[in-house]
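Scroll down for the structure; my scribbles are underneath it.
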Amino acid sequence: MLPATEKLYFTDSYARHFEARVLRREPLPDPAPAPAPQGAREAVILERTLFYPTGGGQPHDLGTLGGAPVLGVEIADGVIRHYLGAGFDVAEGALVAGEVEAERRAEFRAQHHAQHLLSAAAFRLSGKATTAVRLGEGVSTVDLAGPLSDAQVLAIEDEVARIAAEARPVRIHFVPPDELESFGLRRPPQVEGVVRVIEVEDFDRAACGGTHPRTTAEIAPVRVVQTERVRGSELRLHFLAGRRALLDYRAKAELLRSLAAEHSTQPEKLAAVLAKQRRDAEELATRLRTTQRALHALWVPQWLAEARAATPAGAALRIARVIEHATPDDLTSLARELASGGASALLCAQDEQRVHAVAAAPKGAAPANQGLAAFLQGFGGKGGGSAEMARGSAPRAAAAALENAITRWRES
Ligand SMILES: [Zn+2]
């Protein structure tokens, strides 16, 4: 049985370089089974390591070991396995040099510590315990035994900002079980034996195996960017800390600036400008509907009169037209009115992708659905409906082809 790996990151979460003896190399089949990440060639077990393994809601470190890329780091029964890509060539028993990717470590160190402070502030201000934690590649979350009001969430954020601004020292303790009770932990430990405790001076003590900064200053700024109800009454805070929060603020400020510029206004006036645009658009839509009704009232009697003049006595009245910028609903209401005036109608309109067609027929005339189906088939489209009213569409067609088809329908 392998001994538990010595966790160098337990006492120093800033160190990047280390040396350690290779205890075992475990070749992996291709493809490697979980938890090995894609592309992993072998798992390497060291006597000691700076690489943080997946755990406590925090993703593993990345970096290199003996020049080979570290793709994943996992812990089981105290033994840490480094999952390596191609290029590792150090024998069992020999020393190997490792290097942890510092930027990623710093990023998660900040997210993790921010989570401790958010949890501690929530507990101190509202008595709500933390039920779950997830530190993501993008945004991170902490779930609280809510509910909490928006004002309470802002108060928690303010409290974290204050503790960060005071640059309070963060200390690591290794506490024997019999001293734990007097240590006053916010959260009971999930491990037995000696417990690692992260202390924020005069603010918080929590059992934790994760990576933390030297002072609280490192995590600023911390922003709760979204809240979400989960599992009934619990509240999930989505948050960003440190450089992530700065980059998010920068991106959002830039988005607001460019949106405002696009609307020829200042960011602080954007909401009012957009509200006015919405009111204007609604008014325009109302005016458009009124105008359309008036236009249809003019068109329908005019088209019927033209059709009657052009149709021999006793023959069926047939009206076919392409109407620019009409919606399928416009076509439908026009066709219905023409049919109640005694004419069979076929009306079309084209948008960028498709030609839309509507057919209507008075009782006793040739069925609207059959005529429409035949018409659309010519363009590779189809439609459906009844003998009185049918709708359908086809891929966009050349204007001349459409006019020809319409004429053929009228004369059929
Ligand atoms: Zn922790």
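When a ligand or atom number is given, it counts from 1 through the structure's own listing order. A quick note: this is a predicted structure, and the numbers were derived from the prediction, not measured.
- Cation-pi contact between R205 and F183: present, with separation from the ring centre below 6.0 Å and deviation from the ring axis of at most 45°.
- For the pair R105 and Y52, the cation-pi criterion (under 6.0 Å, within 45° of the ring axis) is not fulfilled.
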### Query
Going through the checks in order, is the side-chain hydrogen bond (donor to acceptor under 3.5 Å, both in side chains) test met by R354 and S393?
CA-CA 7 Å; R354 299 191 73 77; S393 72; 3.0 Å; yes
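- Only one option out of R109, R171, H113 pairs with H212 in a side-chain hydrogen bond (donor to acceptor under 3.5 Å, both in side chains); it is H113.
- The number of protein N, O or S atoms lying under 2.8 Å from the Zn ion (ligand 1) is 3.
- For residues 134-156, the pairs satisfying salt bridge (charged side-chain N to carboxylate O under 4.0 Å, His left out) are R104-E137, D143-R231, D143-R236, with sequence neighbours left out.
- Cation-pi geometry between R81 and F51 is not met at under 6.0 angstrom from the ring centre and within 45 degrees of the axis.
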